[in-house]
Amino acid sequence: MKKNPRLQFTDSELNPKLRQRVRRAGKAADKAEAAREKIPKAKKKVKRAVLDPETGKIKARLFFEEVDKPKPPSKLSHAVRDTPGNTLAATVHREVRQSEQDNVGLEIAHRLEEAAEAGGRLAQHSYRAGKLKPYRKAAKAERQLEKANVNALYQKHLQDNPQLSSNPLSRWHQKRAIRKQYAASVRSGQSAAATVETTAKTAAEKVKEGTDFVRRHKKGIGIIAGLAVCVCLLLNCVSSCSILAQGIASSLGSSTFPCEDADMLGAEAAYAGMEAALQNELNNYAALHPGYDEYRFDLDEIGHDPYVLISLLTACHGGPWTLPEVQGTLDLLFDQQYTLTEAVTTETRYNAAGHPYPWTVCNVTLENFDLSHLPAYLLDEDGLSLYASFMANLGNRPDLFPVGAYPNASQTQPYLDYDVPPEALADAQFAAMLTEAEKYLGFPYVWGGSSPSTSFDCSGFVSWVINHSGWNVGRLGAKALCNLCTPVSPANAQPGDLVFFINTYNAPDPSAPTHCGIYVGNHMMIHCGSPISYADLNSTYWQDHFYTYARLPSP
């Protein structure tokens with residue numbers, strides 16, 4: 001920390017303006033000295049030779065001496081010291097989080113432990129801040145003293161050289177030169193007032209020479225300045241166009257499938273082939289799995305959206321891929337989408353004579369989890385963003401597969417319908433929202449979908465409806481939609497409010513909303529589930545995951 005001197009002037013040198021500046025500099029010097037006095041006195045160990053009067057021998061003894069310029073405590077020593085422990089703690093917390101979902105007691109204990117650690121870190125930070133406080137106050141006082149001294153020296157310079165102070169540019173250069181020379185004088189220990197005056201005069205003379213040159217050649221300089229302005233405008237236009245072009249290219253590049261057509265078509269054919277093999281097994285299940293008296297089937301439909309498959313493969317691999325590279329991923333996705341189970345039960349039946357005999361029943365169940373639901377379980381936050389960008393524009397390849405739009409959008413799925421009471425439709429704003437929302441009843445759920453051409457996910461559906469009902473908020477996620485609104489209590493919720501839910505899937509932030517819908521009154525909502533449908537908010541599932549009702553701002 002540099003120590004600024006206290007300026008000294010004789011009474012004959014002080015006019016009213018300079019006297020005011022010097023008085024301010026004196027007050028700043030008093031504050032700086034007071035702040036210096038509050039800095040803890042540091043001591044250093046010194047060995048000195050001392051004569052022992054009893055033995056007459058010279059011995060080395062340790063003494064402590066005060067340091068003239070004590071250094072503040074290091075800002076990084078605690079970070080270096082705590083880094084290994086913090087790293088270990090982060091690893092432990094990460095491992096515990098992977099297990100706490102299945103154990104409520106463990107989860108609560110882990111939250112309490114994290115809160116205690118956060119409190120400990122806050123106390124440590126407060127302690128370190130307290131130790132640094134006097135040094136910070138002293139540094140601030142020194143900066144204020146430097147500013148006051150520079151202003152006083154500049155006023156003294158103006159008093160001694162009034163002929164040099166008429167030009168604003170000249171005054172700016174003089175003050176700048178005084179500030180630089182003052183700083184150099186403090187570092188070297190020289191008298192600031194003695195060295196500053198010459199520097200300020202030199203700066204003023206240089207500015208005067210430059211001003212005279214401009215005055216003599218004003219026409220030529222005007223022409224050069226005009227040409228420079230034209231060149232700057234041209235370069236600025238070129239730069240703006242270049243930035244715009246780069247932005248468009250970057251946007252297109254980030255949402256365009258980066259793979260070769262042959263690899264993408266091959267992946268779709270391979271996945272469709274696995275589905276065909278599964279269908280063939282179901283069609284011939286009795287022949288392929290003989291030995292039972294009866295076969296009972298509970299089967300979901302087999303099928304997938306090829307654009308979801310290609311977007312998911314590209315997001316999983318983080319960029320371009322070839323067909324051989326994704327064979328393992330295709331198997332993983334297929335196993336995650338389809339679950340085929342077989343359960344055998346034995347019943348007792350009776351023949352015509354009344355004698356019992358065993359009757360074995362093979363119960364076959366096929367569950368289709370829906371490929372478009374898998375991104376939420378397989379991808380991290382960056383992967384989900386990449387997947388959503390592909391799905392929003394179909395990878396900029398609507399011609400890749402036979403149907404350019406979402407293949408199942410025109411093949412609506414069964415959904416729960418509901419007749420909204422007429423009195424709720426008296427609100428024109430809500431009536432417009434409901435009219436738009438009901439256009440898509442039965443459309444399938446597609447993670448990242450945000451338009452009728454791709455179908456929707458929950459937040460994409462809500463964003464689309466409100467953007468086509470008077471608002472203009474863009475494509476927002478569930479958390480951003482919640483932040484846009486004002487929370488309201490369930491008792492005050494009204495048709496047209498949004499309703500939010502948490503922990504409907506394993507999101508990176510368990511406290512943030514993960515699902516949303518549009519409240520239509522009478523404990524009912526319309527939302528993009530699987531498919532877009534009405535839903536009863538009194539059901540156990542929605543009650544367990546309920547977060548809040550929230551009201552949109554005025555459009």
Side-chain angles (χ1 to χ4, degrees), residues 94-95 97-101 250-251 253-259 263-264 267-268 270-271 274 303-323 325-339 367-397 400 406-408 444-451 454-463 475-482 501-516 528-530 545:
R94 186 165 54 250
E95 294 296 331
R97 287 193 194 100
Q98 294 176 357
S99 304
E100 65 182 11
Q101 297 296 329
S250 175
S251 177
S254 64
S255 60
T256 301
F257 290 143
C259 308
D263 292 312
M264 292 189 287
E268 163 60 18
Y271 203 82
M274 289 190 284
H304 72 281
D305 173 17
Y307 284 103
V308 169
L309 176 65
I310 302 305
S311 299
L312 186 50
L313 287 173
T314 308
C316 284
H317 288 266
W321 47 265
T322 61
L323 181 56
E325 292 174 347
V326 297
Q327 289 292 351
T329 309
L330 290 172
D331 293 335
L332 170 66
L333 296 180
F334 190 83
D335 291 340
Q336 293 287 330
Q337 181 180 357
Y338 297 105
T339 303
E367 180 183 0
N368 182 349
F369 187 68
D370 195 328
L371 191 63
S372 65
H373 292 186
L374 292 180
Y377 297 88
L378 300 179
L379 301 176
D380 57 15
E381 191 170 352
D382 293 336
L384 287 173
S385 177
L386 185 60
Y387 171 83
S389 68
F390 289 137
M391 284 303 302
N393 301 286
L394 299 178
N396 292 315
R397 291 298 311 278
L400 185 60
Y406 180 78
N408 296 322
Y445 181 97
V446 175
W447 183 276
S450 57
S451 71
T454 60
S455 199
F456 304 92
D457 62 10
C458 64
S459 57
F461 172 65
V462 173
S463 296
R475 171 46 162 111
L476 301 178
K479 182 178 180 180
L481 283 168
C482 189
F501 306 88
I502 59 173
N503 297 324
T504 54
Y505 64 88
N506 293 329
D509 182 2
S511 64
T514 56
H515 188 75
C516 58
C528 185
S530 184
H545 294 276

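All values derive from a computational prediction rather than experimental measurement. Note that these values count all heavy atoms, side chains included, but never hydrogens, waters or copies made by symmetry.
- Here the CG atom belonging to Leu400 is positioned 5.0 Å from the CE atom belonging to Met264, to the nearest 0.5 angstrom.
- Here the side chains of Gln337 and His304 are in contact, with some heavy-atom distance below 4.5 Å.
- Applying the side chain to side chain contact (heavy atoms under 4.5 Å, CB included) test between Ile310 and each of Tyr271, Phe257, Phe390 identifies Phe257 as the sole match.
- What you find for Leu309 and Leu333 is that their closest heavy atoms are CD1-CD1, 3.9 Å.
- Side-chain atoms of Asp370 and Val308, non-hydrogen and from C-beta on, never get closer than 4.5 Å to each other.
- A distance of 12.0 Å separates CG of Leu386 from NE2 of His317, quoted to the nearest 0.5 Å.
- The aromatic rings of His373 and Tyr445 lie perpendicular to each other, with more than 60° between the two planes, well past the 30° mark.
- Ser455 places none of its side-chain heavy atoms less than 4.5 Å from the side chain of Phe461.
- In this view, Pro320 and Pro258 satisfy the side chain to side chain contact (heavy atoms under 4.5 Å, CB included) rule, not counting sequence neighbours.
- Within the model, atoms CG of Asn368 and OG of Ser530 stand 9.0 Å from one another, a figure rounded to the nearest 0.5 Å.
- Using a 4.5 Å heavy-atom threshold, the side chains of Glu268 and Tyr307 count as separate.
- Checked by atom type and distance alone, the side chain of Thr514 pairs as donor or acceptor with a backbone atom of Thr504 at under 3.5 Å.
- With Tyr387 contributing its side chain and Cys316 its backbone, the two residues share no donor-acceptor pair below 3.5 Å.
- Taking CZ of Phe334 as the start and CG of Leu371 as the end, the distance is 11.0 Å to the nearest 0.5 Å.
- In plain terms, the two heavy atoms of His515 and Cys528 that are nearest each other are CE1-O, 3.4 Å.
- A distance of 8.0 Å separates CG in Leu476 from OG in Ser459, rounded to the nearest 0.5 Å.
- Residues Phe369 and Thr339 form no side-chain contact, since every pair of their non-hydrogen atoms from C-beta on lies 4.5 Å or further apart.
- A 4.5 Å side-chain heavy-atom check between Ile502 and Ser511 finds every atom pair outside the cut-off.
- Shown here for Trp321 and Leu313, the closest heavy-atom pair between the two residues is NE1-C, 3.8 Å.
- Looking at residues two or more places apart in sequence or on another chain, you find a side chain to side chain contact (heavy atoms under 4.5 Å, CB included) between Ala478 and Pro513, Cys516.
- Taking all atoms of both residues into account, the shortest heavy-atom contact from Cys259 to Gly319 is SG-O, 4.4 Å.
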